[in-house]
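Notes follow the structure.
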Number of protein chains: 2
Amino acid sequence: MLSKKTKYGLKALSYLAAQPDKKPIQISEIAEKENISQKFLESILLSLRKTGFLGSKKGKGGGYYLLRSPEDISMTDVMRVLEGPIAMVPCVSLNFYETCDDCPDENTCSVHKLMLQVRDSALDVYRNNTLKDIIS
Amino acid sequence: MLSKKTKYGLKALSYLAAQPDKKPIQISEIAEKENISQKFLESILLSLRKTGFLGSKKGKGGGYYLLRSPEDISMTDVMRVLEGPIAMVPCVSLNFYETCDDCPDENTCSVHKLMLQVRDSALDVYRNNTLKDIIS
DNA sequence: TGAAAACTCTATTAAATTAGTAGGGTAATA
DNA sequence: TATTACCCTACTAATTTAATAGAGTTTTCA
């Protein structure tokens, strides 16, 4: 299941991408328009800023804004930051790989085999979608 | 993330599918060979029996066995029983559909748009894999 | 220059889910 | 008829999620 954090993060990014210009948008505006708890959204936007997706401006007239164009923001990167691993098991994860302690051999593991395909198909989708693709 | 229930369920089904004949296999044997807590596995096998994947035989020489051939068991059905919805959000689920209470319009929702593709790609994988496919 | 606006950070918590554990009960077979 | 093995209910510890609270800091503009 997609976490609320990811869902809200995607909505916030989409909201910013849909703006006509690059002016900073206040957290309160995004929270209200997208029906998100403001405090929760605060922490999500903060993590998107720390990972290079958003910039922020303090003080009056401040807020958050996209650092790159929507067509340059891949869903692969966004999902990894917000949701974590794309793989459903660590033993097929590209960026968060871990061995299964209960599994003697990955190569003969049926779960491994299936989840590898699921990961690849999900990656395909994320790689073929930028922020621009999902807002139009 | 894939739940342990699903992981163990898949492993148990694979173990049964890999048997040379259709003799009942005891829970204790599967639990030991696949490194699964026996009591936990009990509850998983029970749910697979109730949903028509497994049969069981009581008494001495009893155990669990597949009711259908591995090539007739689709991963789509197995995943829905073990893991639940294949979709990552209820608003794109075929079998467990629910509206989002925070979302005014599905058709313009970027999350909806992305997750629809992810669901379809996952479904493709599950539909193209039977139990036989993942054990060989 | 100072007050308001807006971001930043830490800590806490309530609810839900997961992954088991415990223990008794029931049915079938040799 | 005793043993084997499935069946069922209830409980619980750990983890994660989704906030909530509240204080603090920085920037801007009048």
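What you are looking at is a predicted structure, and each value in this text was computed from that prediction instead of being measured.
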Check for a donor-acceptor pair, side chain of [X] on one end and backbone N or O of [Y] on the other, with a separation under 3.5 Å.
X	Y	value
Lys58(A)	Gly63(A)	no
Ser74(B)	Thr76(B)	yes
Arg119(A)	Met88(A)	no
Arg68(B)	Asp72(B)	yes
Thr99(A)	Asp101(A)	no

* To do: Sequence neighbours left out, what passes salt bridge (Lys or Arg N to Asp or Glu O under 4.0 Å) with Asp102(B)? Give chain and number order.
  =>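 Asp102(B): salt bridge (Lys or Arg N to Asp or Glu O under 4.0 Å) contacts with Lys7(A), Lys11(A).
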
Restricting to nitrogen or oxygen on both sides, can you table the protein-nucleotides 27-30 of chain C pairs closer than 3.5 Å?
residue : atom : partner  : partner atom : Å
dA27(C) : O4'  : Lys58(B) : NZ           : 3.2

* **For DNA chain C, the residues among residues 75-94 of chain A that have a non-hydrogen atom under 4.0 Å from it** =>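 The stretch gives none, as no residue of it lies under 4.0 Å from the strand.
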
Got a list of protein N/O to nucleotides 20-22 of chain C N/O distances below 3.5 Å?
residue : atom : partner  : partner atom : Å
dG20(C) : OP2  : Tyr8(B)  : OH           : 3.2
dT21(C) : OP2  : Ser37(B) : OG           : 3.4

* Asked: Can you name the side-chain hydrogen bond (donor to acceptor under 3.5 Å, both in side chains) partners of Glu83(B), sequence neighbours left out?
  ->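 Listed in chain order: Ser3(B), Thr6(B).
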
* To do: List in chain and number order the residues that pass side-chain hydrogen bond (donor to acceptor under 3.5 Å, both in side chains) with Glu29(A), two or more places apart in sequence or in another chain; answer none if no residue qualifies.
  =>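 Expected list: Tyr15(A).
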
* Ser43(A) or Gly61(A): which one's nearest nucleotide on DNA chain D is closer to the 5' end? ->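 Nearest nucleotide further toward 5': that of Ser43(A).
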
* Residue mapping more 5' on DNA chain D - nearest nucleotide basis, Ser3(A) or Glu42(A) ->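 Per heavy-atom nearest nucleotide, the more 5' residue is Ser3(A).
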
* Asked: Taking atom P of dT17(C) as reference, at what distance in whole Å does atom CG of Leu2(B) sit?
  ->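 Interatomic distance, CG of Leu2(B) to P of dT17(C): 17 Å.
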
Which residue pairs satisfy the ring-ring contact (aromatic ring centres under 6.0 Å, His included) criterion with at least one member in [range], sequence neighbours excluded?
range	answer
residues 92-131 of chain A	none
residues 28-47 of chain A	Tyr8(A)-Phe40(A)
residues 46-84 of chain B	none

* Asked: In residues 13-30 of chain B, what residues come within less than 4.0 Å of DNA chain D, judged by heavy atoms?
  ->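 Nucleic-acid contacts, sorted: Gln26(B), Ile27(B).
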
* Asked: Quick one: how far along DNA chain D does chain B reach, first to last nucleotide 5' to 3', anything under 4.0 Å to a heavy atom?
  ->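 The footprint of chain B covers dT4(D) to dC8(D).
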
Under 3.5 Å between N/O atoms: give me all the protein pairs with nucleotides 10-14 of chain C, atom names plus distance.
none

